[in-house]
Amino acid sequence: MKLADNATKMGTAEDPAIQPNSEAAEASSGLVTPASITTDVLPSDSATDLEVPALPTDLLIEMYRKLLAIRLMEEALLAAAEEGQIGGAMHTAIGHEANAVGAAYALQRGDYVTCTYRGHHHGLAWGMDPGRAIAEVMGRGDGFAKGKGGSMHFVSPENGMMGGNGIVAAQVPHAAGLALASQLRGEDRVAITFFGDGALFQGVMHETFNMAAKWKLPLIFYCENNRYSEMTPIWRTSSIEDIFLFPRAYGMATMQIDGNDVEVVHAAVSQAAERARSGLGPTFIEGITYRLAGHMAGDLETYRPPEEVEKQEAYEPIVVLRSKLLTRGVDETAIAGIDEEVDNMIDEAVAFAEKSPWPDAAEAYRDVYVDSAFRDG
Amino acid sequence: MKLADNATKMGTAEDPAIQPNSEAAEASSGLVTPASITTDVLPSDSATDLEVPALPTDLLIEMYRKLLAIRLMEEALLAAAEEGQIGGAMHTAIGHEANAVGAAYALQRGDYVTCTYRGHHHGLAWGMDPGRAIAEVMGRGDGFAKGKGGSMHFVSPENGMMGGNGIVAAQVPHAAGLALASQLRGEDRVAITFFGDGALFQGVMHETFNMAAKWKLPLIFYCENNRYSEMTPIWRTSSIEDIFLFPRAYGMATMQIDGNDVEVVHAAVSQAAERARSGLGPTFIEGITYRLAGHMAGDLETYRPPEEVEKQEAYEPIVVLRSKLLTRGVDETAIAGIDEEVDNMIDEAVAFAEKSPWPDAAEAYRDVYVDSAFRDG
Amino acid sequence: MLTPPSETVKDCVVRGAGETGKLGGNERLISMRRTTYIQAINEALREEMQRDEDVFLIGEDIGHYGGLFRVTRNLLDEFGDRRVLDTPISEQAFMGMALGAAIVGMRPVVELMYMDFTLVAADQIFNQIAKYRYMTGGLLKVPVVIRGQQGGGKHYGSQHSQSVDSLYAHFPGIRVVAPATPYDAKGLLKTAIRDDNPVAFLEHKMLYFTRGEAPPPEEEYLIPLGKADVKRVGTDVTITTFSYCLHQALEAAETLAERHGVSCEVVDLRTVEPLDTETVWESVAKTGRLLAVHESYANCGVGAELVARAYEEAPYLLQAPARRLGMAPVSIPVSRVLEAEVLPWKEEIVATVLEMTGR
Amino acid sequence: MLTPPSETVKDCVVRGAGETGKLGGNERLISMRRTTYIQAINEALREEMQRDEDVFLIGEDIGHYGGLFRVTRNLLDEFGDRRVLDTPISEQAFMGMALGAAIVGMRPVVELMYMDFTLVAADQIFNQIAKYRYMTGGLLKVPVVIRGQQGGGKHYGSQHSQSVDSLYAHFPGIRVVAPATPYDAKGLLKTAIRDDNPVAFLEHKMLYFTRGEAPPPEEEYLIPLGKADVKRVGTDVTITTFSYCLHQALEAAETLAERHGVSCEVVDLRTVEPLDTETVWESVAKTGRLLAVHESYANCGVGAELVARAYEEAPYLLQAPARRLGMAPVSIPVSRVLEAEVLPWKEEIVATVLEMTGR
Ligand SMILES: Cc1ncc(C[n+]2csc(CCOP(=O)(O)OP(=O)(O)O)c2C)c(N)n1
Ligand SMILES: Cc1ncc(C[n+]2csc(CCOP(=O)(O)OP(=O)(O)O)c2C)c(N)n1
Ligand SMILES: [Mg+2]
Ligand SMILES: [Mg+2]
């Protein structure tokens, strides 16, 4: 169980480190519950701890709202999918939320983000409206893309969300292009791109690593390492254990962090953004996380034992942040109040989406080309 | 001039280390004339010297013949191209020959090789007939592929030469597939694949690194690092100086060697082949070399100063091996005799090719599909 | 046990579920059982792996999990992980590896999880696998099968719903097969694996759970590539099609017969490269009208190709302008109402046939 | 200084060298000078870069060296290495980066050294760039120009001689332009760069050193996309074509006129997507015969598409079966005699027209 070694390296968890399920050794990937994190920044090549400043409680509460909104929206979407209201491939990010939320709050208005087919959490973290998001996933006319893009293509240019993607790793060079635009225009915008552990094995990732490092693009590569690609655990396909070593070969700054703790994610992304804005180039962040739901709606999850999931539930983003809030003095009733508010908000969003009309059939033929072809003149 | 640092790391040359031409700093890539070599094999991570056993003089003489045959053939081809006898893209390997010849003699009958569009040297090193090779490049009916493949697609299955390729890096997964076939069938065949430094930036290289390392394929990745991709020096496009660090990220054994010395190449490839045959998986060899002729026939070479080439001529494969033969007691007249023999041989080959008829027009329509479609039955 | 081409095979053609056509009585009675399209493909793989040690499977999630659509289910258990290779998400590399293994006689069957990913591995498929034999002057052959599902109807959107048959057919050097029934899928896949040429074997996501009749594993059969099959006999219009569109065409034919008194002959091309134009012209000789239907983009598609060939090879047969129907030129939307709008399915077929017949 | 569509532009159309056609007197007199196709493209790039700071170039060897075919020569000197970006050999990544930069308003012009490398970056081109606007419901636009040379005739073999116009045209969402003269190349490239849609701008290696007339840089002109240009007037057969085949068609027309008394009208489509069928049908209305010629593969090609559209949109105009000619279905051999055999050039055009006219 190779990846399990990480557990040691990454420090002890608040909860006892979760050991790989021995009966399911083949199916399990040696899960870890990182608490402290290791940064690994070239050229020093030394492993030092990332400083994680405590964030203001207000901000943590706002982030909690987001985590919860994402979670509840995705649970609603799963239910809608079971009812047959949603077809195609719908991937939820249940368990991944902190990666998106921590990052979004560490960045500025004007920065850019691209992500994968698993992009609901980025969408909401970056300010997209849940009602229009749900409508889009359902293929309704009020969807942000009029039902054309759906779950795999979350997009909201006014929020800097420049698109999800159905092709593994394809969104990564897009973010490099956004960073390049910022650099060529002399702006101080940063781009961040999210992808999974499996994306490391798409060649285009490596082409982009090289160009981003060479050109010192203001870019953050953020890997949500849930240690599975669909139904295949990463140890079955990766030649090495620590995938941050791939980008490190490009002379890039790398960090392996706890992706389930918004505060840690916020600290890491803040640091990377600062590097980027000061012209020091890209950073690769490997957020260790876990996907609590199936790869996509309808996944029977025969490839991992239920105990593996159960164990991870003890250290998932909402649990982590809720207990952090309690430690920081927010009381149970206040939290319960938030829970209810968010719950109502998502209920309304679902209702909005369900009432949204189907798009007009003629809409199918629009947006293939820009109608007024010229930029100016 | 970043790559120049290598010179130190790789030991002093017999000739004084060549310094980058300062007037042409932009255009020059910091050339080195490696004499001793550094091996860099994970996991020890230490730089130790590769032991280079002296090869029998007879074998060296045979290798000398090959080097010379390749050189003279390619010079004849360049002349024919100037006369307009050859169109398309013809890339010669003048200066690269030792990489192919040293490797070919280190491998066994039954092993496989794939290479690039710059594959004349591999073809001849692997036993292809110069007459049919020249005929092919000229598009004649006696060409090994009846004029269909030409210069960029040298192939000779009976010699284990499984094909050159016009697409940068495309031949690399092909070799991995050959190695996989050997592994699946329980054979002890090894595959070697040649590519340039520029190929490191094609994503498929990295995909193949990972799969080859993960599956411990009996495969040798051989990079002929001439420090240019067409007209662009590598330091302008690579994020790091030492490109062997890319494959090293996959946990792969790597060596950076003097690619102009057949004995060194032979030693390195022998070691890699042994590793491969004993099930230890792939090795990456970076042979430092230099392209003395243009990128392809007709290249005006405006991108590098003539002095850069001149300096490299003092340490090119034929010069290196000739002086080695003299040191080992082979006398000038013996060498002159060989020179004449090989010269005659290539003259005859050219004559054969020039007399070869054009292929029949109907040939254009053959070989698109296999006629008898079934393997058996 | 290779069934020789044409006749014997034609004898074997039997209707499966969802197929309303009749083959004019030349069915041969064999012991049939009902099976799904997925099961038929799974059996073809199993049988060919049993028969030939050089056959191996390679792709994402195909081994331990059995494939995202469970097409390769249980094969790892039977053949082990050296013959059913789970890969990383590296389509370019494993496609290229398939070429490498094939040129020394292995017979790789590559799964692309969605045929849209053809575009990710396009260089290896079209610049390498399709051309390798030619570029080597016939010295090597490349018996690779590239298989996976394509098509719309399940709201997967732009990057997971494309039909790539026309794309594959554009490039010479690779056979293109797209079966519409479990029976055809099994017989054609077995043939494809034995074929010395590269073959793109295009399944359809709407067909996976459809059922049809096929002989049990003991009764081996093969269907030759390049032979169309008349799935419904008719007199007024010839509809050529393949893959899932066959079923749409058969339904359209039913409606046209019942409600409009138009009799359609439905020719299942089964193989898109080579095209069995002989069978098509035979049919058009009877009907005088040709409508070529497919789900890949109409623009520069197989339908346009058939129309062009009709006017090259048999213009005198046509009593009305030959027509084609394909996917509308849009990127395929997710929303089910929009997707339904752009798919060239039943209603469009009915409408076009009515136009062609002036009814 | 945008020349408004159609009229004014049409006024500007003037014959260049190697073009034997006449445009019925509506040339406008402007001060012309002779220039090469390469020079025309280089000028278009320079002018658009001067005009719009968001235009930048990206590709292999294009900066310090000026491009393998020297198309971008001297532009780095003028605009610096932040607007002319030399890349590593990473077509997928820099194609994807072009998309990223374009969706926030930059206007990248990507050079593919050989258009065959389209296959290496196919996912980014067809699954991303062509679809991005649609998938985002029109929220974003992708003004990327992908340019480079294609085509045979210089013995580059299978992987460096393909024509990709039909391939690009198959996928919706991307415009396809393929000029045949320096004049058209310049005017169309300038338009392509200003167009808010992605455009594939396909040059031809046989055209690079051809010369023709064009106004000097001071006299700016634009040619709208999607407008065909009648390069030779005739009465018996309409030949539609584009790129280098135009010159082959014009030569064929000359031979046909001189030796066989057949009068061909030669329509230079210039833009392959969208197709200016209006101009084509106008011509066919006169001639009653259509032959569509292109150098990309005939199978599922633009020619087949035109034939199919002719029978969809204007079958009544056709007095003889519409035909198409494209590259033979082989992987394009190196040997000059074999290459000449498979290219759909002059002799094939002459032979086909003779067949069509029964002479
Ligand atoms: C090029 C490509 N290959 C395969 C797929 C199918 N696919 C979708 S998600 C996925 C797994 C990706 O795993 P990872 O990158 O770890 O992200 P995760 O889904 O775990 O978040 C695969 C193989 C795809 N969409 N694109
Ligand atoms: C995918 C692809 N991109 C670009 C090219 C054009 N090209 C041919 S050779 C070459 C340079 C390759 O450099 P390197 O790998 O260092 O090999 P070298 O030519 O120096 O031996 C380029 C860019 C190509 N053939 N294939
Ligand atoms: Mg994952
Ligand atoms: Mg090189």
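Bear in mind the structure is a predicted one, so any value in this text is a computation, not a measurement. A note on names: the letters A, B, ... follow the listed sequences, proteins ahead of strands, and every chain is numbered from 1.
- Of the atoms belonging to Leu200(B), not a single heavy atom falls under 4.5 Å from chain D.
- With a threshold of 4.5 angstrom between heavy atoms, Met296(B) approaches chain D through side-chain atoms but not through N, CA, C or O.
- With chain D as the partner, the residue from Gly88(B), Gly143(B), Gly139(B), Ala169(B) showing the most heavy-atom pairs under 4.5 Å is Gly88(B).
- Between chain B and the residues Gly66(D), Ser158(D), Pro333(D), Gly63(D), the largest count of heavy-atom pairs under 4.5 Å involves Pro333(D).
- Taking the side chain as every heavy atom from C-beta outward, Gln159(D) and Asn165(B) approach each other to under 4.5 Å.
- Of all non-hydrogen atoms in Ser90(D) and Phe201(B), the two that sit nearest each other are OG-O, 2.6 Å.
- The backbone N or O of Gln85(B) sits less than 3.5 Å from a side-chain atom of Arg336(D), completing a donor-acceptor pair.
- In terms of heavy-atom pairs under 4.5 Å with chain B, the best-connected choice from Lys205(D), Met113(D), His160(D) is His160(D).
- Sparse packing is recorded around CD of Glu82(B), with 12 or fewer heavy atoms of other residues, nucleotides or ligands lying under 6.0 Å away.
- With values rounded to the nearest 0.5 angstrom, Leu68(D) atom CG is found 8.5 Å from Asp299(B) atom CG.
- In the displayed structure, Glu301(B) atom CD is contacted under 6.0 Å by more than 12 heavy atoms of other residues, nucleotides or ligands.
- Separation of atoms OG1 (Thr232(B)) and OH (Tyr65(D)) is listed at 10.0 Å; rounding is to 0.5 Å.
- Between Ser229(B) and Ile89(D), the closest heavy-atom pair is OG-CD1, 3.8 Å.
- Residues Glu91(D) and Gln202(B) have side chains that bring a donor and an acceptor to within less than 3.5 angstrom of each other.
- Interface residue His153(B): only side-chain heavy atoms are found under 4.5 Å from chain D.
- Interface residue Met152(B): only side-chain heavy atoms are found under 4.5 Å from chain D.
- For the atom pair Met231(B) CE and Asp86(D) CG, the distance stands at 12.0 Å (nearest 0.5 Å).
- Of all heavy-atom pairs spanning Tyr365(B) and Glu341(D), the tightest one is OH-OE2, 2.7 Å.
- By number of non-hydrogen pairs under 4.5 angstrom with chain D, the leading residue of Lys146(B), Glu230(B), Arg140(B), Met138(B) is Glu230(B).
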